[in-house]
Amino acid sequence: MYPPELVKPMREELTSFGFEEAQTAAAVKEALAKEGTTLVVVNSVCGCAARNARPGAKMSLENAKKPTNLLTVFAGVDKEAVNEARNHMMPFPPSSPSMALFKNGELVHMLERHHIEGRPADMIAENLKDAYNEFC
């Protein structure tokens with residue numbers, strides 16, 4: 001587990017942008033039960049989360065169509081919430097950072113770490129925008 005003072009600014013990078021933070025399995029279940037589309041970002045302390053994932057997630061919301069709900073869980077910190085989110089991301093293996101788009105609780109689009117690492121934030125944003133245009 002990472003110290004709270006280390007992850008606080010990383011959490012706030014998404015929560016200050018409108019993402020709801022889930023720290024329990026119940027909070028993840030509740031969020032995914034909502035009608036509409038939900039983007040779930042599995043946040044992380046790694047460099048690709050800072051350089052690519054979080055900026056890409058935020059940039060993706062500069063789109064006419066966007067998810068109804070925004071949710072984030074933090075790998076290595078909120079174990080219960082992350083495990084619950086990953087259960088809904090099956091059959092994809094656990095990875096962080098990662099991003100998943102759900103429509104009415106059903107997984108419709110997935111970005112795993114290997115889709116994020118080494119790719120610029122704008123490319124990640126475009127990938128998500130394409131998914132929003134199709135599913136939102």
Side-chain angles (χ1 to χ4, degrees):
M1 192 126 155
Y2 299 105
E5 61 275 6
L6 173 71
V7 299
K8 185 177 187 263
M10 297 173 207
R11 288 181 185 274
E12 290 174 349
E13 190 172 349
L14 293 176
T15 59
S16 68
F17 212 77
F19 282 80
E20 177 186 335
E21 187 169 50
Q23 296 180 330
T24 65
V28 172
K29 287 178 188 176
E30 182 181 321
L32 292 180
K34 292 179 181 175
E35 191 173 318
T37 50
T38 303
L39 176 64
V40 177
V41 175
V42 179
N43 203 347
S44 172
V45 298
C46 73
C48 64
R51 182 175 48 257
N52 311 48
R54 290 190 299 268
K58 292 188 309 186
M59 287 171 32
S60 75
L61 300 173
E62 298 168 3
N63 195 49
K65 292 184 175 183
K66 54 187 124 197
T68 314
N69 310 293
L70 303 172
L71 184 73
T72 182
V73 296
F74 209 109
V77 179
D78 303 320
K79 187 174 182 175
E80 181 185 324
V82 171
N83 287 343
E84 183 64 30
R86 287 177 172 162
N87 285 338
H88 292 273
M89 296 175 187
M90 298 283 257
F92 296 95
S95 68
S96 57
S98 61
M99 301 178 203
L101 183 65
F102 294 86
K103 184 169 187 171
N104 298 323
E106 180 184 334
L107 179 65
V108 294
H109 187 74
M110 183 75 190
L111 282 175
E112 299 174 84
R113 180 185 175 102
H114 69 89
H115 297 121
I116 296 169
E117 191 173 34
R119 290 181 173 72
D122 60 338
M123 183 181 286
I124 293 162
E126 288 304 315
N127 180 300
L128 290 171
K129 287 177 184 180
D130 288 344
Y132 303 162
N133 291 336
E134 182 175 349
F135 298 108
C136 295

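Qualifying salt bridge (charged side-chain N to carboxylate O under 4.0 Å, His left out) partners for Lys129, counting only residues two or more places apart in sequence or in other chains: Glu126. Evaluation of the side chain to side chain contact (heavy atoms under 4.5 Å, CB included) rule for Pro3 yields Glu5, Leu6 as partners, not counting sequence neighbours. With sequence neighbours excluded, no residue forms a side-chain hydrogen bond (donor to acceptor under 3.5 Å, both in side chains) with Asp130. When the side-chain hydrogen bond (donor to acceptor under 3.5 Å, both in side chains) test is applied to Lys8, the partners found at least two apart in sequence or on another chain are Glu12. Every residue two or more places apart in sequence or in another chain was checked for a side-chain hydrogen bond (donor to acceptor under 3.5 Å, both in side chains) with Asn104, and none qualifies.
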Any chance you could lay out the side chain to side chain contact (heavy atoms under 4.5 Å, CB included) test for Leu39 and Tyr132, step after step, and finish with the verdict? CA-CA 9 Å; Leu39 176 64; Tyr132 303 162; 3.2 Å; yes
Criterion side chain to side chain contact (heavy atoms under 4.5 Å, CB included) on Leu128 and Leu101, from CA distance to verdict: CA-CA 8 Å; Leu128 290 171; Leu101 183 65; 5.8 Å; no
Decide side chain to side chain contact (heavy atoms under 4.5 Å, CB included) for Lys65 and Thr37; before the verdict, give the C-alpha distance in whole Å, the side-chain angles of both, and the deciding distance to 0.1 Å. CA-CA 11 Å; Lys65 292 184 175 183; Thr37 50; over 6 Å; no
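One distance of note links CG of Leu107 with OG1 of Thr38; it measures 11.5 Å at 0.5 Å rounding.
Here side-chain hydrogen bond (donor to acceptor under 3.5 Å, both in side chains) pairs that include residues 106-116, with residues two or more places apart or in two chains, are His109-Asn127, Glu112-His114, Arg113-Glu117. Residue pairs meeting the side-chain hydrogen bond (donor to acceptor under 3.5 Å, both in side chains) criterion with at least one member in residues 17-27, sequence neighbours excluded: Arg11-Glu21, Glu20-Lys34. For the side-chain hydrogen bond (donor to acceptor under 3.5 Å, both in side chains) condition, the pairs that include at least one residue of residues 43-55, sequence neighbours left out, are Glu13-Arg54, Asn43-Arg54. Legend: side-chain hydrogen bond (donor to acceptor under 3.5 Å, both in side chains) pairs involving residues 83-99, not counting sequence neighbours, sorted by first then second residue: Glu84-His88.
Met10 is listed as a side-chain neighbour of Val45, based on a closest heavy-atom distance under 4.5 Å. Val40 places a side-chain heavy atom less than 4.5 Å from the side chain of Leu32.
Cluster annotation: Val82 is connected to Val28 through the hydrophobic network of ILVMFWY side chains, with a link wherever side-chain heavy atoms come within less than 4.5 Å. Both Met99 and Phe17 belong to a common hydrophobic cluster when Ile, Leu, Val, Met, Phe, Trp and Tyr are linked at side-chain heavy-atom distances under 4.5 angstrom.
Nearest heavy atoms, Pro67 versus Leu61: CD-CD2, 3.9 Å. Across all their heavy atoms, Ala75 and Val42 have their closest contact at CB-CG1, 4.0 Å. Considering all non-hydrogen atoms of both residues, Val73 and Ala22 come closest at CG1-O, 3.7 Å. Nearest heavy-atom pair, Ala49 versus Pro55, reported as atom, atom and distance to 0.1 Å: O-CD, 3.7 Å.
Other residues, nucleotides and ligands contribute over 12 non-hydrogen atoms within 6.0 Å of the CZ atom of Phe92.
Within the hydrophobic cluster formed by Ile, Leu, Val, Met, Phe, Trp and Tyr side chains joined at under 4.5 Å, directly or through other members, Met59 stands alone, with no partner residue.
When each of Val41, Leu70, Leu71 is paired with Leu14, the side-chain contact (heavy atoms from CB on, under 4.5 Å) condition holds for Val41 and for no other.
Phe135 does not carry Lys103 over the face of its six-membered ring by the limits of under 6.0 Å from the centre and within 45° of the normal.
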